[in-house]
Asker: 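Sending over a structure as C-alpha cells; questions will come in a sec.
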Amino acid sequence: MHLNSLDFFQLIGEEILVFSAVSILLLDLFSTRVKSSLGFLSCLGFLGSAWWFLTHRPAGEIFGFSGLWHANEWLFYAKMIIAGVGGLVSLLAQPYLQKRNLALGEFYFLLFSACIGAMLCISANNLAVLVVGVELLSLSSYILCGFWRSNRASAEASLKYFFNGAIASAIMLYAIALLYGSHGHFDFQSLASQTPNTLGSLGALLLMLSIGYKLALVPFHWWAADVYTGAPTPVSAFLVTVPKFTFFSLLWVLYPILQNLIDYWAELVVSFALLSMLVGNFIALNQQNPKRMLAYSSITHSGYLALGLLAIEQGGHWAMLVYFCAYALSSLGAFAVLMAVDKEQQSFKDYTGLGRIHPVLGVSWLLFMFSLGGFPLSVGFVAKFAIFYKVLAADYLWLMVIGLLNSVLSFFYYLKIGSFLFKQADSPPSPITKLNWQLGLVIVATVAGVLGFGILPDLLLGFYS
Amino acid sequence: MLVDWLMTIWQDHAFWQDQAFWQDHALSILVLSPALGLVLVYSIRSDVWARRMAVLSALLSCGLSLMLWGSFVNDFNGFQFVERYAWVKNWGVDYHLGIDGIGLLMLVLTAFLFSLAIGVSANKGKHFFACLLWLEIGTLGVFCALDAVLFYVFWEWVLIPMYFLIRLWGSQEKPQVARQFFIITMAGSVLMLAVFWSMAVEYQNAYQQLSFNFVDWQRLEFAPTFQVFGLWGLLIAFGIKMPLVPLHSWQPITYSQAPLGAQILLSGILSKMGAYGLIRLVVPFFPYALNYYATLLWWLCAVGMVYASLLALVQKKVVWLIAYSSMAHLALIGLGIFSNTADGLQGAAVFMFNHGVIVSALLLLAAMLHQKSGTELLGAGWQTFRSMPWFSFALVFTVLASVGLPGLNGFVGEIFIFSGIFSKSWPVALVAVLSLVLGAGYMLRFVRKTCFGVQTNSWTDVTNPQKMLLLFLMLLMLILGLFPMLLLKPIEHSIFYALNLHLIDLHSVNTYLKTCPCT
C-alpha cells in the first residue's frame, strides 16, 4: 500500500476535528480558567471543519490511501452537516454539563471522536475501514450515552445501546466475513461488479439489516426509545441526528453493492420505510414525555429518509441531503427548547403556560413542530417536497400518498404541546426555565434556518445537480 | 341597463386603473395589506386601540378590493393584474398571482367578511385580532394564486391561525376539536399536494421542464386514468373544505366551538375556498373524469343537500342548524359546478358570493340571539317580534334570502344552478328541489320558534350600531337580489374561459395594454 502524503490533504476536515479534540482535552486538563468556554471552543472546531468541507468540495470522485478512502461532493456536504450538528450540540452541552458537574474535556473529546468515526465510516471505500469507522462512532456514542453516570436512566440507556449496538456490529462483521468469503474482495468497486451468489447475497442482506438495526428502523427499533430518552439531552440531540445521517449516507455509498447482490433490495427498503413511518407515528401518538415523543418521531423520519433511497437514479440522494439539513435544524431546535425547561422527566403538562411567560420559546417550539410535520414555509416542507417528489418521479405513487398522510397524522402529537403552551397556567405551577446564551444562540440559529430555508428554498436546494 | 350605467360610472372614475404600478402590484398590495394591520396591532399597547387598528386595516383591504373591482375589465379572456416573480427556481415554482372574475368576487367577499368578522368580535386581546389578520393574508392569497405550490402554501397558511382562534378563543367545551379540524383539513390538502406533484411530473415528462404554473399546465391534456386519480384526489381535498357529504362530520362541531368572528369566516369564506378550487382546478384540468363520474357526483351532491337539510330540521342548537344549512347550500354550489354547464357554473360562482353574505348575517343574528336569550338552544316559542322588532325583521329578511325568495340575493344563484342541472338530469334536480323545500321548513321553523311563539319576554332590542349593521346587510342582500348583473358581469367571461380553455388566447392584461395601439 502506498502512502501518498497528498492523501492527508484530503482529510484536513477530519484532521481539524482531531486537533480540536486533543486540544480541548488538554485544555481541560491543564487549565481551569477556560472551563466555561470549552463548549464554545469545540463549536469553533466543528464549524471550522464544516467550513473546510463546504469550501473544498471535490469536483468528481476522489480516492485516497490506495483506494481505502473515497469522497465526492455529496459526501463532503454530508460531512459538513455532521460537523455542523456537532457544533450546535457542543454549544448546547456546555451549560448542561456544568450544572451537573460532569467532565467537560472528555465529553467533547468523545463528541469529536464520534463525528470523526462518522466521517470515516461514510468515506470508507473498503469494508474493513468501514468497520473501523462504525465502531469508532458507536463506541463513542455508548460512552456519551452513559456520561451522566449517577443518573439511572443514563446508565441504563448506555447499557441498552451497548448491547444492541454490539449485536448489530457483530452481525455487520459476520456479513462482511460472508462477503469476503464468497467474493474475495473488501473494496466497494470490486464488490459492486461481482455476480451474485447465495453466500454473498446473504452477506449483503445481513449488512443491510445490521445498518437498519443501527438506524433503528422498524422492526429493529425497540432499543431506540429508551436509549434516546435516557441519554442526557444534548447526547439525545446528537444521537437522533448524526448516526442517522451517517448510516443513511452509508446506505447510499453501499447502494451499488447492495443493489447488485440483493434481488429484492427495493422491496426491502419499501418495507423498512413503510413500517418505520407507520409504527413510529402510531407509538408516538400515545407518548406523554416530549423527549420520548421526539425519539419515536425520529423513527418516523428514518422512514421518510429511507424513501429517498428508492429514488437514487432520479437523484434521491440529494433529497436525502436536504432532509438531513431540515431534520437537523428542526430537531436541534426542539431539543434546545426541551433543555430550556429545567426538569429531567418531563411531561407535556410541564409546558402549560410556557408560551405566555416566554413567548419566544413557545413560538419557536411550535415552529419546530410544524417543521418536523412538514408544514409549508418551513424547511421541513422543503425536505418533504424534495423527497416525496423524487419518490413520485421514481414511480411510487401510493408510497408517496401514504407518506404524506402519515405526515399529517404526526400533527396529532406535534400539536399536543401547542395546546398547553398558551393556556393560562393557573393551577399547575409555571414551568421553571433555565435560559443561557448558548441556548439562545442555538434557538436563534435554528429558527433562522427553519424559516429562512423554508421561505427561500433555493438557498438549500442550490446544490441540486 | 341601470347596472351597466352604474358600472360605467364606476369604471370611468377608476382613474388608477391605467397606472402601471397598480396593474403590476395591486394583488400583492391587497394580499399583504393585513400585514400592515399586524404591525399596527402589535405596536400599540392598549387592546382597545389595537382592535380599532385591526378594523381599520380590514376596511383598508375592503377599499383596496373595491378599487380592484373598479379597475377590472369585464370582458377580458384570461387573468388580470398578473404578477410573476421567480421564487424557487429549482422546482419551477413562481410567485404568480392573477385573477379572473370569480377570483375578483371572492377577493371582494373575503375583504368584506373579514371587516365584518373583525368588527363584530368582542375584544379578546391583540393576539386574537393578529390571528384574524394573519388569516386574512392566507385567504386573500388563495384566491389569486396561479401557481400550484403557492396555492398550497396559502391554503395551509389558513390552518394555523384558525387552529389558534378555535383553541384559545373559542368555547372551551371540547378543546380537541381544534386539532381535529387542523388534521382533517390538512389530510385533504396533502392529497391536493400529491395531485399537484403528479401533474408537475406529467408536465415534466411532456415538456422536459419543471413547472407548477396553472397557466402552463393548461397546455397539457391529461390521460384519462390520470384524470380520474386527479379528480378524486382534488375532490377529497375540496370536499373536506366545503364540506361535501360524506366528508362533513368535522363541520358542525367546529362551527359550534369557534368564536363568532371565526364562525363567520369559516362558513362565509373558508368553505368557498373549496368551491373555488373546484372551479379553478377540477373543471379545467379534468373534464373527461368529471364527465365520466358526473352522474355519481350529481347524486352525491343532491343526496348531500337532502341529508343536510333533514339534519337541520331536527337540530336543537341554532349554530348547528346554520351549520347544516350552510352544508346544504355548499352542496348546491357543488351541484352547480359539477353540472358542467355555463348556467350551473355561473350560478355556483354567484351563489358563493351571496351565500357568504347571507350566512354571515345569519350567524350574526344567532350571536345576538344567544346574547339576549342566554342559551345556545333554539327557542321554545319565544315572541321576539314584540320585544325585539328590529331583530325579528332582520331575521325574517335574512331567512327569506336564505330560502331563495326572488328579489333577494339567494334566489339568483339558485335559479341559475337549477337551470343548469335541470338541463342535464331532471331526477337529480327534483331531489335537489326537495332540499329547497326542506330548507324553507327548517328556516321557517327557526323563525317561528324565535319570533312568533307565545312566550313573551322582556329582552331589549339590538343596539343602534347593530341595527345599522343589520340594515346594511339587508340592503346588500336586496341590491344583490334586484341587480344580479353587478356580480354576473365580471364572471361571465371567466366561466366560458374555464369551460372552453383551449380555445382562448392566453394573454394577460398587461401585455394587452402594452400592445394595444389605443393606449
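To find a chain, count down the sequence lines: A is the first, B the second, and so on, and within it residues start at 1.
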Asker: Taking all heavy atoms of B:Met186 and all of A:Gly374, pick out the closest pair and write down the distance.
Answerer: CE-O, 4.3 Å
Asker: Below 4.5 Å from any heavy atom of chain A, which atoms of B:Gln172 appear? Answer side chain, backbone, both or neither.
Answerer: neither
Asker: Hey, could you give me the OH/CG distance between A:Tyr389 and B:Leu210, rounded to the nearest 0.5 Å?
Answerer: 4.0 Å
Asker: Rounded to the nearest 0.5 Å, what separation is found between the CG atom of B:Leu193 and the NZ atom of A:Lys384?
Answerer: 11.5 Å
Asker: Would you say the side-chain atoms of B:Trp87 pair up with the backbone N or O of A:Ile455, donor to acceptor, closer than 3.5 Å?
Answerer: yes
Asker: I need the minimum non-hydrogen distance between B:Ala187 and A:Val408, along with the two atoms involved.
Answerer: N-CG1, 3.6 Å
Asker: Mind checking whether B:Trp197 and A:Phe385 have ring centres under 6.0 Å apart?
Answerer: yes
Asker: Please state whether the rings of A:Trp398 and B:Phe229 are parallel, tilted or perpendicular, taking 30° and 60° as the class boundaries.
Answerer: perpendicular
Asker: Find the distance between CD (B:Gln204) and CG (A:Leu392) and round it off to the nearest 0.5 Å.
Answerer: 10.0 Å
Asker: Which atoms of B:Ile184 are under 4.5 Å from chain A, going by heavy atoms: the side chain, the backbone, both sets, or neither?
Answerer: neither
Asker: Tell me if the OH atom of B:Tyr42 is crowded by more than 12 foreign heavy atoms within 6.0 Å.
Answerer: yes
Asker: Calculate, to the nearest 0.5 Å, the distance between atoms CG and CG belonging to B:Asn90 and A:Asp458 respectively.
Answerer: 5.0 Å
Asker: How long is the straight-line distance from CZ of A:Phe412 back to CZ of B:Arg179, given to the nearest 0.5 Å?
Answerer: 6.5 Å
Asker: So if I take each residue of residues 160-169 of chain B and look for any heavy atom under 4.5 Å from a heavy atom in chain A, which residues do I end up with?
Answerer: B:Ile160, B:Tyr163, B:Phe164, B:Arg167, B:Leu168
Asker: Only counting residues at least two apart or in another chain, list the ones meeting salt bridge (charged side-chain N to carboxylate O under 4.0 Å, His left out) with A:Arg292.
Answerer: A:Asp226
Asker: What distance do A:Phe381 atom CZ and B:Glu156 atom CD have between them, rounded to the nearest 0.5 Å?
Answerer: 8.0 Å
Asker: Name the region of B:Ala178, side chain, backbone, both or neither, that has any atom closer than 4.5 Å to a heavy atom of chain A.
Answerer: neither
Asker: For the candidates A:Val401, A:Leu366, A:Leu397, which exhibits the highest count of non-hydrogen atom pairs separated by less than 4.5 Å from chain B?
Answerer: A:Leu397
Asker: Any heavy-atom pair between the side chains of A:Pro457 and B:Trp91 that's under 4.5 Å?
Answerer: yes
Asker: Less than 4.5 Å to any heavy atom of chain A: does that hold for the side chain of B:Ser189, its backbone, both, or neither?
Answerer: neither
